[in-house]
Undergrad: 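Attaching a single structure in structure tokens format; questions to follow.
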Amino acid sequence: MVDLPKPGVRSREVLVRVRACGVCHTELDEIEGRLPPPQLPIVLGHQVVGIIESIGDGVTERQIGERVGVGWIHSSTGEHDENLAEEFRATGFDVHGGYAEYMTVPAAYCYPIPEIFSDVQAAPLLCAGAIGYRALKLAGLHTPRLGLMGFGGSAHLVLQLARHLNPGGRVAVFARDAGVRAFALSLGADWVGEPSEKPPYPLDAVIDTTPAWKPVVDSLACLAPGGRLIINAIRKEDTDKTALQALNYQHHLWLEREIKSVANITAHDIAEFLELAAAVPLRPEVTTYRLEDANRALVELRSGRVRGAKVLLT
């Protein structure tokens, strides 16, 4: 814990007094060197909920006292492919994020939080939920047979969303922990199993949120012809990279199976998802920590002790 100067607000920016900030596996990637920030030190955190305390010159779309959220996208070109643009700047990576009492963000990249959600409920929606929504769009919002490889902060929200959008569809969940599998069943999964197991039906799409490589191979083995694997991760760890040697073209890739990654997120994704999440409404499972206990939350996330999402309270 350190004391930093209260950030000054610039033109077209707002100053946010942080109330809650989600904890994400991407922060482990930053800490452990798979995604090194361009400069250090950096304040982590990109699932931020807070109150606008002041506004800079030229801000008309937001107002003082408004409750807003900030996600991974801190700024970009503002065009449809802003998640892929060279100008993309990430919250808690390129600029200071929400593991703090205050942060600044361009007014165009903060979003009103629906009243139905508390601060704690809203925080994981800003990344885990929104990036999960983008992954589900790439998989197909109405995919008849969907697989979720790994079941943490993002996947437990995607399952609820998939159930809402496609009530007659099937959802299979792969998770190592028996308690997590039971949690998935309680949220409406049709089948649960270990990552290396196969469900009783082929899958039209699988969304992989794990940090490992073997689940990629396991997921491909479960795909129906023409199926798609969506990898929802910024980085993969190298500890089990040799698992890729088991990849067999005929068994895993032939018959027009494909792999697609999710890269970052757009402002439109977040705004659209928050509106949809309120309509469902989604119910995030959340464990809270004091800001002073951020390291404990990260260590528990690293050790696999995950049920839903983790959120820091300032």
Side-chain angles (χ1 to χ4, degrees), residues 1-59 62-76 88-113 117-128 153 234 270 286-303 305 309-314:
M1 296 292 291
V2 298
D3 287 323
L4 297 176
K6 186 175 180 179
V9 64
R10 297 181 295 182
S11 176
R12 301 296 305 157
E13 286 187 343
V14 300
L15 176 68
V16 177
R17 170 67 169 93
V18 179
R19 285 183 170 181
C21 183
V23 178
C24 179
H25 195 279
T26 299
E27 281 124 43
L28 292 176
D29 291 331
E30 292 182 62
I31 291 167
E32 296 177 354
R34 290 178 295 277
L35 187 68
Q39 62 184 17
L40 294 172
I42 192 76
V43 178
L44 299 174
H46 58 268
Q47 302 180 92
V48 188
V49 178
I51 301 296
I52 294 178
E53 187 167 290
S54 64
I55 59 177
D57 294 339
V59 174
R62 302 272 73 88
Q63 58 186 355
I64 293 174
E66 188 175 9
R67 187 174 67 139
V68 296
V70 183
W72 176 245
I73 180 169
H74 183 271
S75 62
S76 188
F88 187 98
R89 301 182 77 205
T91 310
F93 177 76
D94 295 300
V95 298
H96 288 325
Y99 282 26
E101 295 174 298
Y102 290 93
M103 68 169 292
T104 57
V105 64
Y109 291 93
C110 62
Y111 317 90
I113 299 296
F117 298 118
S118 67
D119 298 339
V120 169
Q121 291 172 325
L125 301 179
L126 275 305
C127 177
I234 288 184
I270 298 177
V286 176
T287 303
T288 60
Y289 303 77
R290 298 182 309 155
L291 178 61
E292 292 84 350
D293 294 325
N295 282 338
R296 180 164 64 89
L298 287 161
V299 168
E300 290 180 5
L301 181 63
R302 186 70 182 89
S303 66
R305 295 172 61 185
K310 297 179 182 296
V311 174
L312 307 178
L313 300 175
T314 59

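We're numbering straight along the sequence, starting at 1.
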Undergrad: Once rounded to the nearest 0.5 Å, what's the spacing between atom CZ of R290 and atom CG of L313?
TA: 10.5 Å
Undergrad: Using 0.5 Å steps for rounding, measure from the NE2 atom of H25 to the CZ atom of R302.
TA: 5.5 Å
Undergrad: To check you understand the geometry: which heavy-atom pair defines the closest contact between C21 and G45, and what is its length?
TA: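 So the minimum-distance heavy-atom pair works out to SG-CA, 3.6 Å.
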Undergrad: For R10, does the CZ atom sit with more than 12 other heavy atoms under 6.0 Å from it, leaving out its own atoms?
TA: no
Undergrad: Assign the ring pair W72 / F93 to parallel, tilted or perpendicular, where the plane angle (0 to 90°) is split at 30° and 60°.
TA: tilted
Undergrad: V14 and A107: which non-hydrogen atoms are nearest, and at how many Å?
TA: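 For V14 versus A107, the nearest heavy atoms are CG1-CB, 4.0 Å.
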Undergrad: So, K310 and E27, do they make that salt bridge, N to O below 4.0 Å?
TA: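 A salt bridge is absent here (no side-chain N lies under 4.0 Å from a carboxylate O).
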Undergrad: For D94 versus R89, what's the shortest heavy-atom pair and its separation?
TA: OD2-CA, 3.2 Å
Undergrad: Between CG of D3 and CD of E101, what distance do you get to the nearest 0.5 Å?
TA: 8.0 Å
Undergrad: Within this structure, what is the CD-CG distance for the pair E30 and L298, rounded to the nearest 0.5 Å?
TA: 10.5 Å
Undergrad: Tell me, do V9 and E53 make a side-chain contact under 4.5 Å, heavy atoms counted?
TA: no
Undergrad: I55 versus Q63: any side-chain heavy-atom pair under 4.5 Å?
TA: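 Not touching, per the 4.5 Å side-chain cut-off.
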Undergrad: Below 4.5 Å, heavy atoms only, C-beta onward: do V18 and V70 meet side chain to side chain?
TA: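 A side-chain contact is absent here, since even the closest heavy-atom pair is not under 4.5 Å.
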Undergrad: Quick check: does any side chain N or O of Q47 sit under 3.5 Å from a backbone N or O of A128, one acting as donor and the other as acceptor?
TA: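 At least one qualifying donor-acceptor pair exists.
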Undergrad: Do the non-hydrogen side-chain atoms of I51 and R67 ever get within less than 4.5 Å of each other?
TA: yes
Undergrad: Output yes when a side-chain donor or acceptor of H96 lies under 3.5 Å from a complementary backbone atom of V43, and no otherwise.
TA: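 Side chain of H96 to backbone of V43: a pair is present.
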Undergrad: Atom CD1 of I31 and atom CG of N295: how far apart are they, to the nearest 0.5 Å?
TA: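 The CD1 atom of I31 sits 7.0 Å away from the CG atom of N295.
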Undergrad: Taking all non-hydrogen atoms of both residues into account, name the closest pair between G92 and L44 and its distance.
TA: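 Closest pair (atom of G92, atom of L44, distance): O-CD2, 3.7 Å.
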Undergrad: By the definition side-chain contact (heavy atoms from CB on, under 4.5 Å), identify the one residue from V48, T314, L291, I42 that meets it with Y99.
TA: L291
Undergrad: Does any part of the side chain of V59, heavy atoms only, come nearer than 4.5 Å to the side chain of E13, both counted from C-beta?
TA: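 Sidechains of V59 and E13: no contact.
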Undergrad: Find the distance between CD1 (I73) and SG (C110) and round it off to the nearest 0.5 Å.
TA: 12.5 Å
Undergrad: What closest approach, in Å, do A309 and P124 show between heavy atoms, and which atom pair accounts for it?
TA: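 For A309 and P124, the tightest heavy-atom pair comes out as CB-CB, 3.6 Å.
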Undergrad: Is the backbone of G97 close enough, under 3.5 Å, to the side chain of T91 for a donor and an acceptor to pair up by distance?
TA: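 Side chain of T91 to backbone of G97, a donor-acceptor pair under 3.5 Å: no, none is there.
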Undergrad: Please find the pair of heavy atoms, one from E66 and one from P112, that lie closest to each other, and give the distance.
TA: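 Closest approach of E66 to P112: OE2-CG, 3.7 Å.
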